[in-house]
**Student:** 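Got a structure for you, written out below as structure tokens; questions coming shortly.
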Amino acid sequence: MVANTSIIQDTTLYIRDLLINGITDPSSTSRPSDSKFCMTSFPQRTVHYPLITVEQLNFRDVQLGISTQQSIIEIGMEINIWSKSTKQRDQLADNVYNTLRTNQLTGSSSVTQGLFDFKITNIFNLDEEGKEGIHRKVIELKYTFLT
């Protein structure tokens, strides 16, 4: 459960774990043991593509009233998909989107975690040039959390 006291960390880890469990690593058979498919930051270890990173992007807290400590929090997240192929990058982006979209109201859903109003706010490419360039797709999303 996402807790009031650790909302940023809990949300980041929840999304990372959701993607680990919901998306098949296309290079699982060839991935080195010291490399991960989905992480919470760009790795300091061996990088093996494709790679998905999940990070907190922004945070907005709006108090619900004058005499309360309760608030509505909008937490923005950024998911980066890194690949050596645009086709693979886009397929993984579709998988990420569908995993997040279909997890709102199921078993251990985002709603049961206290994360409401899932929205994709932006998707764009940040590709490196050249034949050996890494292709990157950035997915920006937002959840609402009530304290």
Side-chain angles (χ1 to χ4, degrees), residues 1-28 31-66 68-86 88-129 133-147:
M1 179 75 170
V2 174
N4 291 348
T5 57
S6 55
I7 183 172
I8 294 169
Q9 178 181 353
D10 289 352
T11 303
T12 303
L13 294 176
Y14 170 73
I15 293 171
R16 180 205 61 191
D17 292 347
L18 182 62
L19 297 178
I20 286 171
N21 294 317
I23 299 174
T24 302
D25 179 358
S27 64
S28 60
R31 185 171 298 279
S33 61
D34 64 341
S35 175
K36 302 280 186 193
F37 174 55
C38 189
M39 292 176 270
T40 57
S41 65
F42 197 81
Q44 301 298 316
R45 60 179 94 188
T46 302
V47 175
H48 184 81
Y49 297 99
L51 171 69
I52 297 174
T53 57
V54 178
E55 300 177 76
Q56 186 258 334
L57 179 63
N58 54 46
F59 189 93
R60 181 171 178 245
D61 184 310
V62 178
Q63 193 172 0
L64 288 176
I66 295 173
T68 183
Q69 291 183 347
Q70 294 180 323
S71 58
I72 296 175
I73 295 172
E74 291 178 354
I75 185 163
M77 302 299 296
E78 179 178 275
I79 298 172
N80 290 280
I81 299 157
W82 314 75
S83 178
K84 291 186 176 183
S85 153
T86 56
Q88 183 180 62
R89 177 204 63 197
D90 291 345
Q91 287 172 337
L92 286 170
D94 283 336
N95 291 341
V96 166
Y97 168 68
N98 285 310
T99 297
L100 294 172
R101 180 184 62 79
T102 59
N103 184 264
Q104 296 177 76
L105 301 172
T106 61
S108 64
S109 69
S110 58
V111 169
T112 62
Q113 296 296 313
L115 300 170
F116 302 95
D117 299 330
F118 165 75
K119 291 181 183 78
I120 296 285
T121 57
N122 200 8
I123 298 178
F124 57 94
N125 297 328
L126 283 175
D127 296 335
E128 294 177 6
E129 294 194 21
I134 300 301
H135 303 284
R136 177 177 165 200
K137 186 170 292 284
V138 179
I139 301 174
E140 295 176 353
L141 56 110
K142 180 172 37 172
Y143 285 102
T144 301
F145 183 83
L146 304 172
T147 62

**Student:** Please confirm whether the backbone N or O of Leu146 pairs with a side-chain atom of Gln70, one donor and one acceptor, at under 3.5 Å?
**Tutor:** no

**Student:** Which heavy atom in Gln88 sits nearest to a heavy atom in Ser83, and how many Å separate them?
**Tutor:** OE1-OG, 2.6 Å

**Student:** Taking the side chain as everything from C-beta on, heavy atoms only, tell me whether Met77 gets closer than 4.5 Å to Gln56.
**Tutor:** yes

**Student:** Using the side-chain contact (heavy atoms from CB on, under 4.5 Å) rule, take Val47 and Trp82 through it: C-alpha gap first, then chi angles, then the decisive distance, then the call.
**Tutor:** CA-CA 10 Å; Val47 175; Trp82 314 75; over 6 Å; no

**Student:** Rounded to the nearest 0.5 Å, what separates atom CD1 in Ile81 from atom CG in Leu126?
**Tutor:** 12.0 Å

**Student:** Taking the side chain as C-beta and beyond, is there a heavy-atom pair between Gln91 and Asp94 under 4.5 Å?
**Tutor:** no

**Student:** What's the separation between atom CD1 in Ile79 and atom OG1 in Thr12, rounded to the nearest 0.5 Å?
**Tutor:** 10.0 Å

**Student:** For Asn98, check side-chain hydrogen bond (donor to acceptor under 3.5 Å, both in side chains) against everything at least two apart and list the hits.
**Tutor:** Arg101

**Student:** Answer yes or no: is there a side-chain heavy-atom contact under 4.5 Å between Leu141 and Phe118?
**Tutor:** yes

**Student:** Just do the side-chain contact (heavy atoms from CB on, under 4.5 Å) check on Phe37 and Ile20 with the steps written out, would you?
**Tutor:** CA-CA 8 Å; Phe37 174 55; Ile20 286 171; 5.8 Å; no

**Student:** Is there a donor-acceptor pair under 3.5 Å between the side chain of Ser6 and the backbone N or O of Gln9?
**Tutor:** no

**Student:** Within the structure provided, determine whether Val138 and Asn122 are in side-chain contact (heavy-atom separation under 4.5 Å).
**Tutor:** no

**Student:** Return the set of residues passing side-chain hydrogen bond (donor to acceptor under 3.5 Å, both in side chains) with Asp61 (not counting sequence neighbours), or none when no residue passes.
**Tutor:** Ser71

**Student:** So that I can tick it off, tell me whether Lys142 and Asp117 are bridged by a salt bridge, with the cut-off set at under 4.0 angstrom between side-chain N and carboxylate O.
**Tutor:** no

**Student:** How long is the straight-line distance from CD1 of Ile134 back to CG of Asn80, given to the nearest 0.5 Å?
**Tutor:** 13.0 Å

**Student:** Rounded to the nearest 0.5 Å, how far does CD1 of Ile52 lie from CZ of Arg16?
**Tutor:** 12.5 Å

**Student:** List the residues meeting side-chain hydrogen bond (donor to acceptor under 3.5 Å, both in side chains) with Asp25, not counting sequence neighbours, and say none if there are none.
**Tutor:** Ser27, Arg31

**Student:** At their closest point, which heavy atom of Leu51 faces which heavy atom of Lys36, and how far apart are they?
**Tutor:** CD1-O, 3.5 Å

**Student:** For Tyr97 and Ile123, run side-chain contact (heavy atoms from CB on, under 4.5 Å): C-alpha distance rounded to whole Å, both residues' side-chain angles, the deciding distance at 0.1 Å, then the answer.
**Tutor:** CA-CA 10 Å; Tyr97 168 68; Ile123 298 178; 5.8 Å; no

**Student:** Is there a donor-acceptor contact under 3.5 Å from the side chain of Tyr14 to the main chain of Ser110?
**Tutor:** yes

**Student:** For Glu140, does its backbone N or O pair with a side-chain atom of Thr121 as donor and acceptor, under 3.5 Å?
**Tutor:** yes

**Student:** Where is the tightest heavy-atom contact between Ile75 and Ile8, given as atom of each residue plus distance?
**Tutor:** CD1-CA, 4.0 Å

**Student:** Could you tell me the separation between the CE atom of Met39 and the CD atom of Gln44, rounded to the nearest 0.5 Å?
**Tutor:** 10.0 Å

**Student:** Would you say the side chain of Ile15 lies within less than 4.5 Å of the side chain of Tyr143, judging by non-hydrogen atoms?
**Tutor:** yes

**Student:** Considering non-hydrogen atoms only, spot the tightest contact between Leu92 and Pro50 and give its length.
**Tutor:** CD1-CB, 3.5 Å

**Student:** Which atom pair, heavy atoms only, marks the closest approach of Glu78 to Leu57?
**Tutor:** OE1-CD1, 3.7 Å

**Student:** Which heavy atom of Gly22 sits nearest to which heavy atom of Thr99, and what is that distance?
**Tutor:** O-OG1, 3.6 Å

**Student:** Mind checking the OG1-CZ spacing from Thr53 to Phe42? Nearest 0.5 Å is all I need.
**Tutor:** 8.0 Å

**Student:** Please check: side-chain N/O of Asn125 versus main-chain N/O of Lys137, any donor-acceptor pairing under 3.5 Å?
**Tutor:** no

